[in-house]
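Input: a single structure, listed below in structure tokens.
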2 protein chains.
Amino acid sequence: MKEGPDIARIAALIGEPARANMLTALMSGKALTATELAGEAGVTLQTASGHLAKLRDGDLVQVRKQGRHKYFALAHADVATTLEALMGLAAGQGALRTRTGPKDAAMRQARVCYNHLAGQMGVQMFGSLLQRGLIWQEGEALGLTEAGKGFVCDFGVDVDGLSMARAPLCRSCLDWSERRTHLAGSLGRAMLARMETLDWVRRDRDSRALLFTSRGSAAFSRAFT
Amino acid sequence: MKEGPDIARIAALIGEPARANMLTALMSGKALTATELAGEAGVTLQTASGHLAKLRDGDLVQVRKQGRHKYFALAHADVATTLEALMGLAAGQGALRTRTGPKDAAMRQARVCYNHLAGQMGVQMFGSLLQRGLIWQEGEALGLTEAGKGFVCDFGVDVDGLSMARAPLCRSCLDWSERRTHLAGSLGRAMLARMETLDWVRRDRDSRALLFTSRGSAAFSRAFT
DNA sequence: TTCATAGTTCGACCTTAACCGAAGCATTGA
DNA sequence: TCAATGCTTCGGTTAAGGTCGAACTATGAA
């Protein structure tokens with residue numbers, strides 16, 4: 001009856017609509033201020049403040065103070081993974097919030113997950129890298145091969161700089177729409193950033209969807225067949 | 001503000017202590033009656049009945065009627081996966097329900113997850129099978145190689161019978177204590193069942209812990225080095 | 001200093017839902 | 001048919017917690 005970790009505490013934390021909206025918004029990977037999150041959740045600032053304090057207590061979000069702003073972000077990648085798992089369950093039973101909006105298709109094709117590429121394109125990239133022996137996978141563990149290191153360098157990402165940092169280079173993340181793994185970790189983040197620099201892809205103003213430019217779309221399928 | 005699947009609905013479903021206890025109990029893979037679940041959750045039968053109806057509505061559990069009993073089980077493996085993810089978060093922040101009990105160590109070493117082997121031993125078995133090329137993994141997809149088929153047959157599991165069924169043979173499942181993948185799916189279930197038949201391992205009466213016999217422990221490490 | 005903006009705290013409402021007692025079905029067994 | 005058991009439904013109570021207005025504390029800018 002009372003074995004294992006206390007699942008109810010954090011599930012309840014996520015299970016409040018206002019807080020769930022905030023967390024969903026933070027899945028974009030961007031750090032948002034309390035006021036912005038209040039807007040996302042559709043509550044007043046006071047209410048949001050209370051919620052954010054609870055999320056903080058529960059170690060689901062992380063705060064950075066900057067001047068008179070407070071920037072909130074997901075505490076770590078595991079939180080994003082868990083949220084995706086929950087989305088998988090919710091989507092599986094066809095319980096999309098309202099009707100599936102026009103953005104839904106775009107979201108499934110490509111979107112930002114925490115800070116890396118997810119959706120069909122994300123899964124495609126992951127599969128391509130794996131098949132060509134540029135990354136290896138063993139259980140949950142994931143890494144870049146020597147060949148992969150070369151490839152990523154050519155792509156324009158500073159691998160050595162990334163591997164110096166203490167954050168894991170490669171991480172796997174389960175896609176809620178595709179139910180497949182895609183590439184997360186600091187490399188996943190860097191790859192997406194690089195694609196944005198190359199103007200392959202642009203972020204949608206007010207959703208997590210990613211819009212590939214026609215040039216980017218062609219280049220992407222050439223690079224990750 | 002309202003994009004993506006409705007995460008709050010099911011998180012709230014899980015986020016009620018009584019319901020969370022029931023779901024945790026069902027992680028054992030055993031189907032339990034309403035009365036048993038009421039006991040697990042520490043509520044009266046009426047209350048439990050209400051909770052179970054909600055879990056049913058939310059497609060988290062599955063019911064089978066048998067005589068005047070109603071047997072409840074997790075709806076599908078994805079639910080178990082999500083629960084494990086939540087446990088990972090909860091355990092990560094050191095929020096074990098009470099103090100870590102005496103059973104905690106045993107649980108981490110070996111326990112039943114839905115219906116297959118989890119914990120250190122589960123991860124060890126998975127790693128061994130993968131390294132010896134008996135199973136292959138690509139993204140979330142997982143399968144048995146030809147060599148693996150032979151191995152499993154020798155072990156005493158009827159592979160052909162399993163592959164006839166429509167349930168997936170191999171599935172990966174993330175371990176909350178080890179943070180690594182272990183083997184789920186009908187094969188994972190059959191492997192555990194076989195080990196029980198061989199009396200390598202016995203189930204703890206009232207927890208998810210698995211207790212290896214001394215003979216079984218030796219045989220296990222010989223089989224899955 | 002004075003004003004404006006970002007965020008927190010307090011207090012009072014109010015909705016929601018968990019809870020159990022009691023009565024009601026349904027299935028089984030005598 | 002009658003009793004026993006397993007589960008569900010109903011009603012009323014209670015507790016928890018989300019909500020916002022208003023007052024308060026920072027930080028920054030004029």
Side-chain angles (χ1 to χ4, degrees), chain A residues 1-2 6-26 30-58 60-73 75 95 97, chain B residues 1-2 6-26 30-75 95 97:
Chain A
M1 157 176 174
K2 45 184 166 198
D6 186 3
I7 211 181
R9 207 176 82 87
I10 65 160
L13 225 40
I14 304 174
E16 206 281 327
R19 286 193 296 258
N21 281 332
M22 292 179 181
L23 291 171
T24 305
L26 290 176
K30 281 185 287 197
L32 300 175
T33 65
T35 313
E36 287 169 324
L37 287 168
E40 287 292 336
V43 293
T44 61
L45 184 54
Q46 310 91 288
T47 312
S49 176
H51 285 312
L52 287 167
K54 284 176 188 170
L55 289 175
R56 221 193 105 21
D57 271 5
L60 293 183
V61 303
Q62 197 179 26
V63 206
R64 197 162 26 103
K65 222 174 153 177
Q66 207 165 95
R68 57 181 163 182
H69 294 273
K70 265 191 166 179
Y71 284 95
F72 292 85
R97 184 90 47 120
Chain B
M1 157 176 176
K2 44 185 165 200
D6 186 3
I7 211 181
R9 206 176 83 88
I10 65 160
L13 226 39
I14 304 174
E16 206 282 327
R19 286 193 294 258
N21 281 332
M22 293 181 180
L23 291 171
T24 305
L26 290 175
K30 281 184 288 197
L32 300 175
T33 66
T35 313
E36 288 169 323
L37 287 168
E40 288 290 336
V43 292
T44 61
L45 183 55
Q46 312 89 289
T47 311
S49 177
H51 284 312
L52 287 168
K54 283 176 190 172
L55 289 176
R56 230 205 101 2
D57 272 4
D59 264 329
L60 294 182
V61 303
Q62 196 179 25
V63 206
R64 198 161 25 108
K65 223 174 156 177
Q66 207 163 96
R68 57 182 163 184
H69 293 272
K70 264 192 166 179
Y71 285 94
F72 292 85
L74 296 187
R97 183 91 47 120

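From a predicted model like this one, the values you see are computed outputs, not experimental measurements. Quick note on labels: first sequence line is chain A, next is B, and so on, each numbered from 1.
- In this model, the phosphate group of dC19(C) is approached by a side-chain N or O of H51(B) to a distance below 4.0 Å at OP1 or OP2.
- Here L23(B) contributes atom CG and L37(B) contributes atom CG; the two are 9.0 Å apart, rounded to the nearest 0.5 Å.
- To the nearest angstrom, P of dT8(C) lies 13 Å from NZ of K54(A).
- When atom types are taken as modelled, the side chain of R19(B) and the backbone of L13(B) share a donor-acceptor pair closer than 3.5 angstrom.
- R64(A) has its side chain out of reach of K70(A): every pair of non-hydrogen atoms, C-beta onward, lies at least 4.5 Å apart.
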Collect all protein-nucleotide pairs involving nucleotides 2-6 of chain D in which both atoms are nitrogen or oxygen and the distance is under 3.5 Å.
from	atom 1	to	atom 2	distance (Å)
dT5(D)	O2	R68(B)	NH1	3.3
dG6(D)	O3'	R68(B)	O	3.2

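- OP1 or OP2 of dT8(C) lies within a sub-4.0 Å distance of a side-chain N or O belonging to S49(A).
- Rounded to an integer number of Å, the gap from N21(A) CG to dG18(D) C1' is 14 Å.
- E16(A) contributes atom CD, which lies 9.0 Å from atom CG of N21(A) (distance to the nearest 0.5 angstrom).
- Taking atom CG of residue L52(A) and atom C1' of nucleotide dG7(C), one finds them 10 Å apart after rounding to whole Å.
- Listed for the E36(A) side chain is a donor-acceptor partner under 3.5 Å among the backbone atoms of T33(A).
- Note that OG of S49(B) is 11.0 Å distant from NZ of K54(B), once rounded to the nearest 0.5 Å.
- One interatomic measurement links the two molecules: CZ of R64(A) to C1' of dA6(C), which rounds to 16 Å at whole-angstrom precision.
- Separation of atoms CG (L32(B)) and CG (L52(B)) is listed at 10.0 Å; rounding is to 0.5 Å.
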Under 3.5 Å, N/O pairs linking protein and nucleotides 21-24 of chain C:
from	atom 1	to	atom 2	distance (Å)
dG21(C)	N7	Q46(B)	NE2	2.5

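- E36(A) places its CD atom 14 Å from the C1' atom of dT5(C), with the value rounded to the nearest Å.
- Among the nucleotides dT19(D), dC19(C), dA18(C), the one closest to any side-chain atom of A18(B) is dC19(C).
- Taken to the nearest 0.5 Å, the CG atom of L74(B) stands 5.0 Å off from the CG atom of L26(B).
- Of the possible donor and acceptor atoms, one in the side chain of T24(B) sits under 3.5 Å from a partner among the backbone N and O of A20(B).
- The nearest whole Å value for the distance from the CZ atom in R19(A) to the P atom in dA16(D) is 16 Å.
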